[in-house]
Amino acid sequence: MASGRGPDRLPLRRSLFGRLLGVSALVAACSVAATAWLAVQTTSGAIKQEQGQNLTADARIYDTLLGYAALNSTWDGVGPTVERLAEQSGRRVALTTQGRQPLADSATGRTPPALPPQASAVVDPLSVDTVLAPESAGRSGTADDRVDARAVGPFRLSAAERTQLRRTADRGVACLSRAGIASDVVVEPSGRPRIQVVGNDPERVREARCDPGTLEEPTRTEQQALRALNQLADACLKRQGRAAVRLNQDLSWAQDSEAPGAPRPMPPGGHVKLPAPAVRPTAHTSEGDRAIASCVGTARREQLGSYVASPALLFIGDEGGTTVPGFDLSPANTAKIAGAAALVLALTVGASVLAGARLVRPLRALTGAAQRMRDGEEPASVPVTADNEIGRLASAFNDMSAHRARLEEQRRAMVSDVAHELRTPLSNIRGWLEAAQDGLADPDPAFVSSLLEEAVQLQHIIDDLQDLSAADAGVLRLHPERLRVAELLGQVAAAHQVQADTAGVTLTVDAVPGLTADADPVRLRQAVGNLVSNAVRHTPAGGRVTLRSYGSESGEHLVVEVVDTGNGIAPEDLPHVFDRFWRAEKSRSRRTGGSGLGLAIVRKLTEAHGGTASAASTEGAGSVFTLRLPVTGAGPTRPGMAGAVVSGAGMAGAHEKGAGEPADRRADGMTTAL
């Protein structure tokens, strides 16, 4: 049975809701903390955006000045460029030497504001900031190549060389055009033209047979610059005790024992070009290759040093002198943001997994137990691990399982009892009829009376089952009418007087005169008759059974009581007396036994009238069965109990026989045993 605890609220700390609330609060707190941290870290960027300081514009300023330094050996004449950049961006742009000597400043006024202690960037074409100007760095694709691609120095072609190569390139473009291949001439920073083919179809380019001719060959200027670069690289290698190398035009290398790079065919993709002097994206895996690559890079910077402007400090700020603290896109800040997001995600997932596991584990146990019950296995209890909503669900499931097992046991006992009750009268009837057929018994009135008694017993059991089935199905229909309660109790007492006299029990009626009620007289007699018959059978000789009726103190209910001085009911059995198929005494005797349906029918009939049935008892002193009916009518407490159509002849027979027979079949047939 249920534990008896009411639906009181659990303390929040023990409630499953409270725990889930705590987990949600923890996740929310972590989210708020992470959001606050991110807000603090990005405040400077938000302020810059509000003030119109765009990182793209800053990078454009840096790249423009970087190109100027790559194409000029000094900063002389950079003033107009600085003024133009300041006018386009609406900010102050200043350049100084590394010793902070002014080179150019867009600030107006005789005394410009002091520059901040930290520069926005360092403009050095031989060491490009790849974050600010990734397109301006060397095109080798390696981290070491940070020389601005526009810094070509001695590799810049003369006017005559450019003119001659341009003619060759134009002829190549015309040849490709005749073959139906779209192409164009692109000029590199050194002045060398190359043919750029539209699309990516190297097969068609090869089939066109447009020989680039001298376009692939290095010019005199490039040869001289390459020899000088080779000498500088060899000197670096010699200082490290390494062998000299021979540089190719594309700045790849070969040892002196190796043949220099052979002429290359037209490359895939249709590009007819001689690469700009930049280190190719070669994967230098050995220590020697890394040393050669380092010396080549050092030689390039040494060779270009006199052709580019010296490094300068760049300051970008507003007209009032405040410098924009831009260009801070460090990997450390990026890692902090990613780490905070990952931490919040990990906490959320971890908390959800823990809460979900604790929530799902008992639910899985309940599901498994329910499936085992469905499969017909013996009901088993599930462990109650906590006093929360899930724990109470487990307790309710255990109570339901125990109740189901008890009902199943009662059902089996009822089937056995009904089979016995039906078999006994049927066996008697069959035996007497076979005896009469064989001429062993005469069909005299006693013989017929005996057969009739057995048939009536069968009818009583069948009627009990039919009434209870009709009540469960919601097709039990009442015919209420105004009746006098005292008269009805008198009729019930008269119907059971013979039974009481036979048992030596005094049967009396104590009813308030003039008390009336709206009820179905047949059904009410059936309910009260079941209680009276039950009380007479369980009251020893010399005892008393009293029928009482009176109105409740509130005047809203009619109370009918059947009081006996019998054996009483044990406290542990009292809660089950109205359960169907239940009997405290397992005997099937006609004296005390029964099918276990009578009191269940009493409860159903009372509920159909909108009332309640209850029992109270003191073991060894007697019992009191009480019916409480509303005085305003006979409305049902459950939908469908009244007003439904009754099918079959069983209900009609009940109305016909219940009111007219002195010894009503309801007197002892519709009873149950405790």
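No hydrogens, no waters, no symmetry mates; every other heavy atom, side chains included, goes into these values. Start at 1 with the first residue, then count along the sequence.
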Could you measure the distance from the [atom1] atom of [X] to the [atom2] atom of [Y]? Nearest 0.5 Å is fine.
X: Q224; Y: L226; atom1: CD; atom2: CG; value: 11.0 Å
X: R246; Y: W253; atom1: CZ; atom2: CH2; value: 15.5 Å
X: R404; Y: F397; atom1: CZ; atom2: CZ; value: 9.0 Å
X: L65; Y: L95; atom1: CG; atom2: CG; value: 5.0 Å
X: S395; Y: M400; atom1: OG; atom2: CE; value: 12.5 Å
X: R242; Y: C236; atom1: CZ; atom2: SG; value: 9.5 Å

Minimum heavy-atom separation for [X] and [Y], please, with both atom names.
X: I316; Y: R91; result: CG2-NH1, 4.1 Å
X: L115; Y: R92; result: CD2-NH2, 3.3 Å
X: V122; Y: P311; result: CG1-CB, 4.4 Å
X: T96; Y: P102; result: CG2-CA, 4.1 Å
X: P125; Y: V128; result: O-CG2, 3.8 Å
X: A233; Y: L247; result: CB-CD1, 4.5 Å

**Item:** Test log, rule side chain to side chain contact (heavy atoms under 4.5 Å, CB included), inputs V93 and E83
**Value:** CA-CA 8 Å; V93 180; E83 294 291 341; over 6 Å; no
**Request:** List the steps, then state whether side chain to side chain contact (heavy atoms under 4.5 Å, CB included) holds for L313 with R100.
**Result:** CA-CA 7 Å; L313 301 181; R100 300 181 73 88; 4.2 Å; yes
**Stepwise side chain to side chain contact (heavy atoms under 4.5 Å, CB included) check, D184 with V198** = CA-CA 8 Å; D184 197 5; V198 178; 6.0 Å; no
Given 3.5 Å as the limit, does a donor-acceptor pair link the side chain of [X] with the main chain of [Y], or not?
X: R162; Y: L157; answer: yes
X: N72; Y: Y68; answer: yes
X: S177; Y: V173; answer: no
X: S252; Y: N248; answer: no
X: T64; Y: R60; answer: yes
X: E87; Y: R84; answer: no
X: Y62; Y: D129; answer: yes
X: N398; Y: V382; answer: yes
X: Q240; Y: C295; answer: no

**Asked** How far apart are the C-alpha atoms of R192 and V187, what are their side-chain angles, what is the distance that settles it, and do they pass the side chain to side chain contact (heavy atoms under 4.5 Å, CB included) test?
**Response** CA-CA 6 Å; R192 169 175 284 280; V187 180; over 6 Å; no
**Item:** Any pair counted as disulfide bond (SG atoms under 2.5 Å apart), so long as it reaches residues 160-207, sequence neighbours left out
**Value:**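 Checked against disulfide bond (SG atoms under 2.5 Å apart) - neighbours excluded - the pairs reaching residues 160-207 are C175-C210.
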With sequence neighbours left out, write down each residue that passes side-chain contact (heavy atoms from CB on, under 4.5 Å) with [X], or none if nothing qualifies.
X: A174; answer: R178
X: Q371; answer: T367, R374
X: L71; answer: R150, R156

**Item:** Pairs meeting criterion side-chain hydrogen bond (donor to acceptor under 3.5 Å, both in side chains) with involvement of residues 226-235, two or more places apart
**Value:**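 For residues 226-235: N230-D234.
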**Asked** Less than 4.5 Å apart, any side-chain heavy atom of D105 and any of V82?
**Response**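 Contact flag for D105/V82 side chains = no.
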**Message:** Are S89 and I61 packed together at the side-chain level, in the sense that at least one heavy-atom pair is separated by less than 4.5 angstrom?
**Reply:**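 Result yes, sub-4.5 Å side-chain heavy-atom pair found.
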**Prompt:** Are R146 and D124 within salt-bridge range, i.e. N to O under 4.0 Å?
**Reply:**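 So R146 does not pair with D124 through a salt bridge.
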**Message:** The criterion is side-chain hydrogen bond (donor to acceptor under 3.5 Å, both in side chains); which residues satisfy it with R167, sequence neighbours excluded?
**Reply:**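 Applying side-chain hydrogen bond (donor to acceptor under 3.5 Å, both in side chains) to R167 gives none.
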**Request:** Determine whether the side chains of R171 and T168 contain a donor N or O and an acceptor N or O closer than 3.5 Å.
**Result:**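 Yes, T168 and R171 have a side-chain donor paired with an acceptor closer than 3.5 Å.
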**Request:** Would you tell me whether T221 and E161 have side-chain atoms, one donor and one acceptor, within less than 3.5 Å of each other?
**Result:**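 Side-chain D/A pair, T221 to E161: present.
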**Evaluation steps, side-chain hydrogen bond (donor to acceptor under 3.5 Å, both in side chains), between R166 and Q164** = CA-CA 5 Å; R166 181 58 186 259; Q164 180 181 357; over 6 Å; no
**Request:** Kindly check if the number of other-residue, nucleotide or ligand heavy atoms within 6.0 Å of CD (Q88) is above 12?
**Result:**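 It does: Q88 CD has more than 12 such atoms within range.
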